Amino acid sequence: MARKAAGRPQEETLSLWKREQALLKTLVVDRDTEAWQRDLAFSGLQRVGGVDVSFVKGDSVSACASLVVLSYPELEVMYEDCRMVSLTAPYVSGFLAFREVPFLVDAVQQLREKEPRLMPQVLFVDGNGVLHHRGFGVACHLGVLTDLPCIGVAKKLLQVDGLENNALHKEKIRLLKGGGDSFPLMGGSGTVLGMALKSHDHSTKPLYVSVGHKMSLEAAVRLTHGCCKFRIPEPVRQADIRSRDYIRRTLGVQGAPALRPERSKKAQRPKACPQGASEEPAEDGKVCAPPPSSSPPPGWAGPPALLATHGLQSSVPWLGRAEQRQRPSSWGPQPAPPPGPRA
DNA sequence: GCGACAG
DNA sequence: ATCTTGTCGC
């Protein structure tokens with residue numbers, strides 16, 4: 001039943017994915033768009049989110065996608081959502097978003113519908129933003145589709161555009177003094193694609209931070225440092241820990257290494273965690289900062305419309321209209337895309 | 001054959 | 001991403 005999401009996609013699929021990335025890339029905003037991002041203490045920032053996808057050992061399709069929201073600056077978990085999913089796309093370097101982003105968008109969408117007040121004001125994404133083969137990594141992709149500020153945080157340097165994890169690079173890392181120290185990662189064209197950040201005093205390996213969406217690199221690096229109790233930013237670390245625990249709990253009992261659809265109905269219940277003593281009626285204009293973030297200009301139909309203009313259909317869902325969210329897998333043994341400028 | 005390879 | 005226990009150190 002569960003098709004394998006293994007093997008390399010056909011060259012034509014990769015070509016379509018590249019076009020999709022190129023189009024959506026035009027929607028990326030690499031500057032600060034929110035007031036709190038420019039404040040030295042991030043005043044106004046109250047909720048930071050993190051996403052991650054963990055995998056089942058011997059299974060190439062089963063995984064757990066998680067979205068967590070933590071309070072800032074306390075960094076305490078106030079919302080957690082873990083769900084088992086069946087991956088449809090294989091992992092291909094440079095196309096990570098097509099494998100993981102559909103489920104993350106779904107998680108954000110569900111939060112937006114059921115607990116809008118817990119919507120994070122920024123999302124930390126496990127992977128790169130503009131530090132990418134074509135300048136559009138998973139953090140940009142998720143940012144554009146959710147319209148949320150996003151920060152790309154990778155644990156390893158993606159060697160693109162002239163960037164190399166060579167002796168010189170390693171030496172620069174060695175020269176980082178304490179937590180918060182960083183150095184720019186300049187691509188061949190002289191553009192700064194990201195920053196290598198020593199996330200805390202006793203960390204040897206740096207973090208590779210890059211802009212995802214709606215935030216400047218400077219603010220992204222500063223906030224990343226501000227969210228690190230350990231090497232990995234707490235939002236992503238919690239998403240990782242909890243998604244792995246979820247897999248252990250789901251597979252631990254009943255032994256068999258198989259997915260269990262019957263039980264998933266009851267198991268995938270997101271939960272809002274009580275925060276300190278804030279269980280209030282909460283009317284709209286309370287202590288909280290203004291709703292999520294700005295919306296696209298009126299008349300703007302969103303990413304799907306842009307793609308349609310160019311004869312493409314979204315490979316991942318979008319949070320606009322329900323009818324847009326149909327079959328996420330359009331790259332399988334499907335007929336043919338709508339008439340358009342194909343090779 | 002060799003090197004690269006976010007997660 | 002995952003494979004993997006104990007061990008050394010603060």
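Please read these numbers as outputs of a predicted model, since none were measured by experiment. These values consider heavy atoms only, across backbone and side chains, with no hydrogens, waters or symmetry-generated copies. Sequence lines set the chain letters: A, B, ... in the order given, protein chains first and strands last, and positions in each chain run from 1.
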Exercise. Establish, with yes or no, whether the OP1 or OP2 oxygen of B:dG7 is under 4.0 angstrom from a side-chain nitrogen or oxygen of A:K155.
Key: yes
Self-check item: Euclidean distance, atom OH of residue A:Y208 to atom P of B:dC5 [Å, nearest integer]
Solution: 12 Å
Self-check item: P gap between C:dC3 and B:dA4, integer Å
Solution: 26 Å
Quiz item: Given the rule that I, L, V, M, F, W and Y join up when any side-chain heavy atoms are under 4.5 Å apart, are A:L217 and A:F42 in one cluster?
Solution: yes
Exercise. With C1' as the reference atom in both, quote the distance from B:dC5 to C:dT2 in angstrom, rounded to an integer.
Key: 15 Å
Exercise. Report yes if the distance between the aromatic ring centroids of A:F136 and A:H141 is under 6.0 Å, otherwise no.
Key: yes
Quiz item: From the list B:dA6, B:dC5, C:dA1, which nucleotide is the closest neighbour of the side chain of A:V138?
Solution: B:dA6
Quiz item: Side chain of A:N128: nearest nucleotide among B:dA6, B:dA4, C:dT2?
Solution: B:dA6
Quiz item: Rounded to whole angstroms, how far apart are CG on A:D59 and P on C:dA1?
Solution: 17 Å
Quiz item: How close or far is atom C1' of B:dA6 from atom NE2 of A:H133, stated in whole angstroms?
Solution: 8 Å
Self-check item: Separation of the C1' atoms in C:dT5 and B:dC2, to the nearest angstrom
Solution: 34 Å
Quiz item: Where the side chain of A:R99 is defined as all heavy atoms beyond and including C-beta, which of B:dC5, C:dT2, B:dG7 is the nearest nucleotide?
Solution: B:dG7
Practice problem: Under 4.0 Å between any heavy atoms, over every strand shown, what does A:G152 touch: base, sugar-phosphate, or nothing? Just pick one. | Solution: nothing
Quiz item: Can you check whether A:K57 has a side-chain N or O nearer than 4.0 Å to OP1 or OP2 of C:dA1?
Solution: no
Exercise. Would you mind reading off the distance between A:L131 atom CG and B:dG7 atom P, rounded to a whole angstrom?
Key: 11 Å
Quiz item: Would you say the side chains of A:S216 and A:D32 form a donor-acceptor pair under 3.5 Å?
Solution: yes
Quiz item: What's the NE2-P distance between A:H132 and B:dA6, to the nearest Å?
Solution: 11 Å
Quiz item: What is the distance, rounded to the nearest whole Å, between atom CD1 of A:I241 and atom C1' of C:dT2?
Solution: 17 Å
Quiz item: Nearest to the side chain of A:E100, which nucleotide is it out of C:dT2, B:dA6, B:dG7?
Solution: B:dG7
Quiz item: Salt-bridged, A:R244 to A:D240, with N to O below 4.0 Å?
Solution: yes
Quiz prompt | cation_pi(A:R134, A:F95) dist<6.0 Å, angle<=45 | solution = yes
Practice problem: Determine, answering yes or no, if A:Y91 is stacked on B:dG7 under the 5.5 Å centre rule and the 30° plane rule. | Solution: yes
Quiz item: Are any of the side-chain nitrogens in A:D126 or A:K155 under 4.0 Å away from the carboxylate oxygens of its partner?
Solution: yes
Self-check item: Nearest-Å distance once atom C1' is located in both B:dG1 and C:dG6
Solution: 38 Å
Self-check item: Nearest-nucleotide pick for A:Q159, side chain only, options being B:dC5, B:dA6, C:dT2
Solution: B:dC5
Self-check item: Atom-to-atom span, CZ of A:R248 to P of C:dT4 - whole angstrom
Solution: 15 Å
Quiz item: For the pair made of CG in A:L158 and P in B:dC5, what is the distance, rounded to whole Å?
Solution: 6 Å
